[in-house]
Structure formats: structure tokens, C-alpha cells
Asker: 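Sharing a structure below in C-alpha cells format, with a few things to ask.
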There are 4 protein chains.
Amino acid sequence: MPKTEQQFKKIRDNRKEEIIDVALQLFATEGYHSTSIAKIAKKAEISKGLVYNYFKSKEELLIKVVENAAKDVYKYFDLDNNGVLETSELKSFIDGTFHMLKEKIHFWRLYLSFAFNPQILEVISRNIPQKSEKILEMMVDYFRRQGVSNPMTETMYFASVLKGIAVQYIVAPEQYPLEDMKKKLLDQFCYFNG
Amino acid sequence: MPKTEQQFKKIRDNRKEEIIDVALQLFATEGYHSTSIAKIAKKAEISKGLVYNYFKSKEELLIKVVENAAKDVYKYFDLDNNGVLETSELKSFIDGTFHMLKEKIHFWRLYLSFAFNPQILEVISRNIPQKSEKILEMMVDYFRRQGVSNPMTETMYFASVLKGIAVQYIVAPEQYPLEDMKKKLLDQFCYFNG
Amino acid sequence: MPKTEQQFKKIRDNRKEEIIDVALQLFATEGYHSTSIAKIAKKAEISKGLVYNYFKSKEELLIKVVENAAKDVYKYFDLDNNGVLETSELKSFIDGTFHMLKEKIHFWRLYLSFAFNPQILEVISRNIPQKSEKILEMMVDYFRRQGVSNPMTETMYFASVLKGIAVQYIVAPEQYPLEDMKKKLLDQFCYFNG
Amino acid sequence: MPKTEQQFKKIRDNRKEEIIDVALQLFATEGYHSTSIAKIAKKAEISKGLVYNYFKSKEELLIKVVENAAKDVYKYFDLDNNGVLETSELKSFIDGTFHMLKEKIHFWRLYLSFAFNPQILEVISRNIPQKSEKILEMMVDYFRRQGVSNPMTETMYFASVLKGIAVQYIVAPEQYPLEDMKKKLLDQFCYFNG
DNA sequence: GATGAATGAGGGTTCATTCAT
DNA sequence: TATGAATGAACCCTCATTCAT
């Protein structure tokens with residue numbers, strides 16, 4: 001009995017996801033330029049040619065890798081339905097971010113490695129919509145509601161601190177006291193209503 | 001009659017510096033792997049071969065680029081003669097760091113781009129001695145003297161915040177309110193004796 | 001539908017042999033260092049890159065070329081099953097050597113050209129096991145059984161004469177009276193039992 | 001007092017000879033292609049440019065190296081004034097050859113390394129007159145006078161044996177029993193009148 | 001005469017990508 | 001769909017040679 005169209009699609013999707021996973025790992029641990037298509041194919045136990053059956057170029061594969069990972073990340077940002085951030089939601093958001101940091105360190109390392117490579121960054125920002133702006137707005141609103149005198153500045157500071165923690169952790173995960181830092185972050189930005 | 005030894009040295013030193021400058025710029029703006037020796041030579045208006053008259057390999061050139069830039073950076077860290085950090089010195093140190101961030105943004109972008117590229121990081125840390133540990137110790141000592149309850153954690157937090165600011169600034173220098181962030185940083189960590 | 005594994009193996013084996021053949025010829029006629037991969041590829045009517053699909057490096061290609069040729073050569077040395085050389089076997093061995101000298105002059109020229117190039121010699125002896133020692137032992141034993149007073153010296157002399165004939169022939173195959181030399185060699189070393 | 005023209009010539013000649021000596025050594029130990037002009041200049045403690053002041057190319061330097069060494073070699077061949085070889089002269093010739101083999105092993109290794117490199121051989125034979133023919137003639141005459149039935153064949157055989165000994169010795173000078181071989185050679189070819 | 005900076009052609013090698021099967 | 005042989009451009013690097021001083 002021949003496979004149905006849906007079965008084929010499922011196979012395709014699985015294969016695709018597997019390639020993306022392998023690529024993410026290799027990109028993150030060895031760098032984008034040092035990871036050849038041949039290496040990805042070998043690790044995914046498929047042929048080089050097949051990679052091109054799913055992605056039309058190495059660049060497209062990169063984009064899909066980032067897109068795919070970004071999906072996971074943004075899950076933690078869709079906390080509120082009404083667009084208004086509560087303190088409890090901010091806490092969840094921070095919880096989520098720290099959790100992800102540990103779980104998806106591969107992705108974060110990759111993501112940050114791109115942040116400083118203008119060429120790759122350009123490719124990514126051209127292809128992947130950035131949702132961060134909306135999140136920032138919500139946060140500004142939150143700090144305003146908390147009575148902070150300069151909510152925009154506070155938001156930027158908060159973002160910087162969070163980014164700094166992430167960076168330090170990723171560079172040396174073993175030595176970094178992530179939990180301590182989380183506590184300090186919560187103390188600094190979430191003490192408002194208890 | 002041949003040129004004197006000094007004349008040759010001068011030529012060599014000039015060329016070397018020129019190549020290092022060009023390489024820093026290109027490495028920072030286009031990435032290490034995307035910058036070919038040919039591109040460097042072209043921008044420096046010399047032949048490819050000449051680069052190898054001054055640097056044994058692309059890797060050595062990278063090391064020299066980083067070494068050279070690191071020299072500038074560490075100038076701001078040698079504030080104290082007695083190894084004890086005063087609040088005024090901490091302020092100078094922060095001043096210096098923010099100043100450098102603006103002046104040497106090329107270098108910082110390069111430096112951070114390496115922080116997430118394991119292979120390049122390995123090359124650098126194998127060849128360039130890191131002084132950061134000593135600085136951290138001084139800072140721990142500083143916070144202890146200020147009566148902070150957990151000076152080690154405070155130091156890590158401070159380092160994270162500073163790194164975060166640097167990262168955010170470098171990624172988008174135009175939009176980032178660097179001065180505001182500096183003020184907040186000083187408020188947070190240097191309020192002790194006025 | 002993809003080719004079967006066997007089909008691929010066949011293609012690979014053929015190509016590999018083809019490249020080895022071309023390389024042997026060029027190495028022998030123009031020297032190892034004067035033979036570029038580009039030249040080999042051109043003569044084999046393939047692209048430069050393809051050579052590296054079959055051989056990791058030029059050095060590995062060299063090793064395979066010598067290995068491959070050495071196989072042919074050592075066939076003539078596996079005359080005896082019991083490890084004891086009879087006069088008739090010695091004759092066959094000499095016959096075989098002279099035969100090979102004519103048939104595989106390319107290989108011999110290559111082989112001798114390496115004997116005097118320390119760097120290449122080093123590569124070869126590091127990678128290809130030498131069987132000559134065992135052959136020498138058998139010959140020493142043979143001369144001892146023939147009642148020669150100093151069998152070790154006789155063996156070295158025999159080896160030298162044989163080498164000398166080979167060298168002279170290879171340097172100027174046209175003018176060299178190979179058959180006459182063979183007769184003299186047999187007269188000198190194989191007259192024992194008739 | 002300015003140097004006389006002769007003094008200049010002497011300096012030039014010395015320099016030239018020194019470069020030739022260094023080149024011979026390096027060519028012999030590392031191979032012609034692996035020896036760069038830079039390496040020669042460095043070992044001779046002069047500049048690269050100066051080498052080109054004395055030799056118009058690397059190829060010319062090679063020729064001069066061989067020419068120069070050939071002079072030494074042919075000294076041992078000019079034994080007789082009357083063109084007729086006596087047994088005592090043959091003995092001296094053999095003595096001389098073995099002596100040279102030990103003294104000038106560098107040159108011999110180089111010479112033999114060229115013997116199998118057609119391209120280099122071509123350069124040499126195009127530029128350096130070969131005297132070997134005349135020597136061969138003398139030897140043929142000698143064997144004829146000794147009553148050997150086929151003097152031409154005997155000469156070729158003699159030359160082959162001598163070459164074989166030289167080759168074996170040069171390839172592994174440490175292990176080779178050169179004196180034993182010499183004795184056997186004399187026994188074989190010089191026993192005629194005692 | 002003497003220097004070494006400078007060039008440029010060419011060598012070995014890698015790798016994204018294509019394509020016949 | 002799946003394979004890996006095959007390509008070719010581009011990469012890093014070496015080196016004989018030239019030339020201004």
C-alpha cells in the first residue's frame with residue numbers, strides 16, 4: 001500500500017526538523033562557517049544531496065534554524081492576552097527566560113554569536129520578524145504603571161541586565177551562579193507589589 | 001647602498017600597524033571567516049603575499065589584532081598602584097570603559113563576536129593572557145570593604161550588567177541611550193561614599 | 001532512485017585507480033614536487049576538487065601510488081612457501097626483477113627518485129612497511145647453504161650489483177644492455193648447482 | 001686605500017663559493033624544491049637579493065652547484081696522461097672513488113637525486129659537459145688488454161656494480177660495509193696482474 | 001655591492017552546490 | 001525520494017624574482 005500524502009509530509013517534516021536540530025547543534029558548537037553541509041549530513045545520517053532537497057541553500061538552512069528556535073523563545077513572551085503585563089507575569093517571564101537559558105543554551109550561544117556578526121545578522125533580520133519591540137512596549141507600560149520615573153530608561157536597563165546575565169552564563173556556564181543572578185534581578189526589578 | 005636597519009624597522013612597523021588596523025576593521029564588520037586575506041590586502045592596497053611577510057598566518061594576524069587592541073583596553077584597568085580599589089577609581093574605571101566603548105566600538109564588536117565562537121575563542125585564550133581575574137578580585141575586595149553582604153555575587157552582577165550594556169550598545173549603537181545607562185550603573189554600584 | 005552501493009564502489013575504485021595511474025606517471029616523469037594536483041587532474045580529465053574526494057592530501061596520494069606499485073613488486077618476492085630459497089627460486093626471482101624493471105620502469109624511476117629525497121623517503125618509510133629485510137635474510141641463508149665464506153657480505157654485494165644494474169638501466173633504458181647484464185649476474189651468483 | 005679590482009674579484013669569488021657550498025648542502029639534505037632561496041641566503045648569512053647578484057636564477061645556481069662539484073669528481077678520473085689505463089691506475093681510480101664517496105656524500109646524494117628527476121637532469125645535461133664517455137672508452141680498452149672476452153659488457157657491468165655500491169652506501173651510509181664492498185670490487189675486477 | 005620590502009603566479013585544499021542515476 | 005560523484009570558485013599560503021634605496 002502506497003503511503004498517503006500526509007504520511008509523506010510527516011516524513012518530510014520529521015527529516016526537516018532533524019536536519020534543523022543537527023544544524024543548530026553544530027552551528028552553535030563549532031560556528032556557522034566551520035560547519036559544512038557535509039558534516040551536517042553525516043551527523044544526521046543522510047546524504048549531502050538530501051539536505052538540498054529540504055533547504056535550497058546553507059543560508060536558508062540557517063534562517064530556518066533561527067526561525068525554529070525563535071518560536072520556542074517567543075512562547076515565553078506570549079503571557080498575556082490583554083497586552084497588559086502584571087508583576088506575576090513579569091516573574092513568569094523571567095522564570096521562563098532563565099529556564100530557557102539553561103535548556104536551550106545551544107540556541108542562545110548561536111543567537112549571540114550572530115548578534116555580532118553583521119553579515120549573518122543581516123540575513124536573519126531580513127527574514128525573521130522581530131517581536132521584541134512589542135515586548136519592550138509592554139514593559140515600558142509596566143514600569144510606568146509601577147510609578148517608575150523614567151520607564152523607558154528602566155526598560156532598557158532591565159533588558160541590558162538580562163542580556164548581560166545571559167551572555168556571561170553562555171560564555172562560561174559552569175562557573176556562573178545563574179540562580180544568584182536571577183534572585184538579584186528579581187529583587188531589582190520585581191519588588192514592587194510584594 | 002642599502003637602507004639602514006632603522007629605516008627598515010620603521011617601514012615594517014608602519015606596514016604592520018596598517019595591516020592590523022585594516023584587519024581589525026574588516027574582522028569586526030564582516031567577521032573573521034568572511035574576511036579573506038585578499039580582502040585585507042586589497043583594502044590596505046598591498047599584495048596578498050606581503051601580508052605573509054608580516055604575519056605567519058591568518059591566525060597570527062588575528063592574535064596580533066586582538067593583542068594590539070587589548071593593550072588599549074587594559075590601560076583603563078591599571079588604575080591603582082596599591083591593588084586596592086577606591087570608589088573614585090571605580091568611577092574612573094567605569095568612565096574609561098564607557099569611553100572606550102564609544103571610541104573602540106570596532107574592537108568591542110570583534111571581541112564579543114569571538115566570545116561566542118568557540119574555535120576562535122580557543123585560539124585567543126591560548127595565545128593571549130587574560131587579566132580579568134585579577135580585576136575581579138579587586139572588585140570583590142572593594143564590595144567587601146563597602147559592607148556588601150555577598151561581595152562575590154555583587155561582583156558577578158556588576159560584571160553582568162556592564163557586559164549587558166556593552167552588548168546592547170554594540171548591537172545597536174545609534175538607538176542605545178548609553179549615557180542614561182551609565183548613570184544608572186553608577187547609581188547602582190557607586191553610591192557608597194557619596 | 002539512487003545508485004546502489006556497489007555501483008558507487010565501482011565508480012570510486014575505477015576513479016581511484018585512474019588517478020593513481022596518472023599520478024604515478026607524472027610523479028615518475030616530472031618529479032613529485034613538479035607535479036601539481038592541477039596537472040594530475042587535467043591529465044585524468046577531472047576537476048582538481050575531485051582528487052580530494054579520493055585522497056585526503058597530495059601526500060596520501062603519493063603513499064597510495066607507492067603502495068599500489070609496491071604490491072606488484074612484492075609479488076615476485078613471495079616465491080617460496082617454506083622460507084628457504086632454492087637456486088631455481090633465486091633464478092625466478094632475478095628473472096622476475098628484470099622483467100619488472102622493463103615492465104614497470106615508471107615505478108622504478110619513481111622509487112629511486114625517492115630514495116634520494118630525504119623528505120619523501122621519510123613519508124614513505126613512515127607509511128609503507130618494508131619487506132626487504134626478510135628477503136635479505138633468506139638470501140644470506142641461501143649463500144650460507146652454498147658454502148660462501150661470508151654470506152652476509154655476499155648478500156650485500158649481490159644487492160648492490162642488482163641495484164646498480166637497475167639504476168643504470170632506468171637512467172638510460174635505451175642504451176643499456178639489460179640482457180647481457182642479467183646473464184653476468186646469473187653467472188656470478190647462481191652458478192652453484194649447475 | 002681602495003681595493004684593487006683583483007681584491008673585489010676575490011671577494012666575489014669567495015662569496016660565490018660560499019653560496020654554492022650552502023646550496024649544495026641544503027639541496028642534498030632537503031631536496032632542490034624544498035630549498036628556498038630565502039633559506040640559502042639565511043644560512044649563508046646574506047640577503048636574498050645578493051644571491052641574485054651572483055646567480056641570475058635558482059636554476060643557474062643549481063647548475064653551478066653541480067658544475068663545481070663535478071670538478072672535484074673528475075679530478076680522480078684524470079689519472080693517466082697517455083690515455084692508457086694501467087691496473088695500478090684503475091686501483092687508484094677505485095680508491096679515489098670510494099674516498100670521494102665518503103668525503104663528498106652530500107654531493108653524491110644530490111647527484112643521484114637528480115639522476116632520477118628528468119627535469120633537473122635535463123637542465124644539468126644541457127649545461128654540463130659529460131666526460132664519462134671518454135672514461136668508459138679507456139676502461140673498455142683496459143679490459144680488452146686484459147684479455148676479457150667481451151670488454152664492452154665487462155665495462156658496463158663494472159660501472160653498474162660501482163654505481164650500485166654508491167647508491168646503497170648513500171641511502172644508508174651507517175649500515176653499509178663500504179670497505180668490504182670495495183674489497184670485493186677489487187677482487188672481481190682488478191685481479192689480473194696481481 | 002647589499003638590503004629586504006614588495007609582487008604575483010601558482011600550489012594545496014575546502015566546500016557549497018549540482019546532477020545523473 | 002535519495003545518493004554521492006563531480007564541479008569550480010575561493011581560500012590560505014609559498015616562493016622565485018624584482019627594485020628602490
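These numbers were taken from a predicted model, which means no experiment stands behind them. For the numbers below, each heavy atom of this structure counts, side chains included, while hydrogens, waters and symmetry mates do not. In what follows, chains carry the letters A, B, and so on, assigned in the order in which the sequence lines appear, proteins first and then strands, with residues in each chain numbered from 1.
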Asker: Taking atom C1' of dG4(E) as reference, at what distance in whole Å does atom CG of Asp13(B) sit?
Answerer: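 One finds 14 Å between C1' of dG4(E) and CG of Asp13(B), rounded.
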
Asker: How many whole angstroms separate atom CG of Asn14(C) from atom C1' of dA5(F)?
Answerer: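 Whole-Å distance recorded here is 13 Å.
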
Asker: Is the shortest side-chain N/O distance from Arg12(B) to OP1 or OP2 of dG4(E) below 4.0 Å?
Answerer: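 No, outside the criterion.
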
Asker: Walk me through whether Val22(B) and Gln25(B) qualify under side chain to side chain contact (heavy atoms under 4.5 Å, CB included).
Answerer: CA-CA 5 Å; Val22(B) 169; Gln25(B) 250 183 74; 5.8 Å; no

Asker: When the distance from CD1 of Ile19(A) to P of dT1(F) is rounded to whole Å, what number comes out?
Answerer: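 These atoms are roughly 12 Å apart.
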
Asker: Is the closest basic N to carboxylate O distance between Glu60(D) and Lys64(D) below 4.0 Å?
Answerer: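 Answer for the salt bridge query: no.
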
Asker: dA2(E) C1' sits how many Å from Arg15(D) CZ, rounded?
Answerer: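 In whole Å, dA2(E) C1' and Arg15(D) CZ are 8 Å from each other.
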
Asker: Could you check how far CD of Gln119(B) sits from C1' of dT14(E), rounded to whole Å?
Answerer: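 In whole Å, dT14(E) C1' lies 14 Å from Gln119(B) CD.
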
Asker: Any idea how Phe27(C) and Tyr32(C) line up, ring-wise: parallel (<30°), tilted (30 to 60°), or perpendicular (>60°)?
Answerer: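 Perpendicular.
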
Asker: For DNA chain F, which residues of residues 23-60 of chain D approach it to below 4.0 angstrom with any heavy atom?
Answerer: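 Residues of residues 23-60 of chain D that come under 4.0 Å of DNA chain F are, in numerical order, Thr35(D), Ser36(D), Ile37(D), Lys48(D), Tyr52(D), Ser57(D), Lys58(D).
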
Asker: Whom does dT21(E) pair with, Watson-Crick or G-U wobble, provided both distances fall under 3.5 Å?
Answerer: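 dA2(F) is the nucleotide pairing with dT21(E).
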
Asker: For the pair Lys9(C) and Glu5(C), find out whether any cationic side-chain nitrogen is under 4.0 Å from an anionic carboxylate oxygen.
Answerer: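 Salt bridge: no.
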
Asker: Inspect the surroundings of OH in Tyr111(D) and state if more than 12 heavy atoms from other residues, nucleotides or ligands are less than 6.0 Å away.
Answerer: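 Counting other residues, nucleotides and ligands, OH of Tyr111(D) stays at 12 neighbours or fewer.
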
Asker: Looking at Ile170(B), is its backbone amide N or carbonyl O close enough to the side chain of Arg109(B) to form a donor-acceptor pair, meaning the two atoms are under 3.5 Å apart?
Answerer: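 Yes.
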
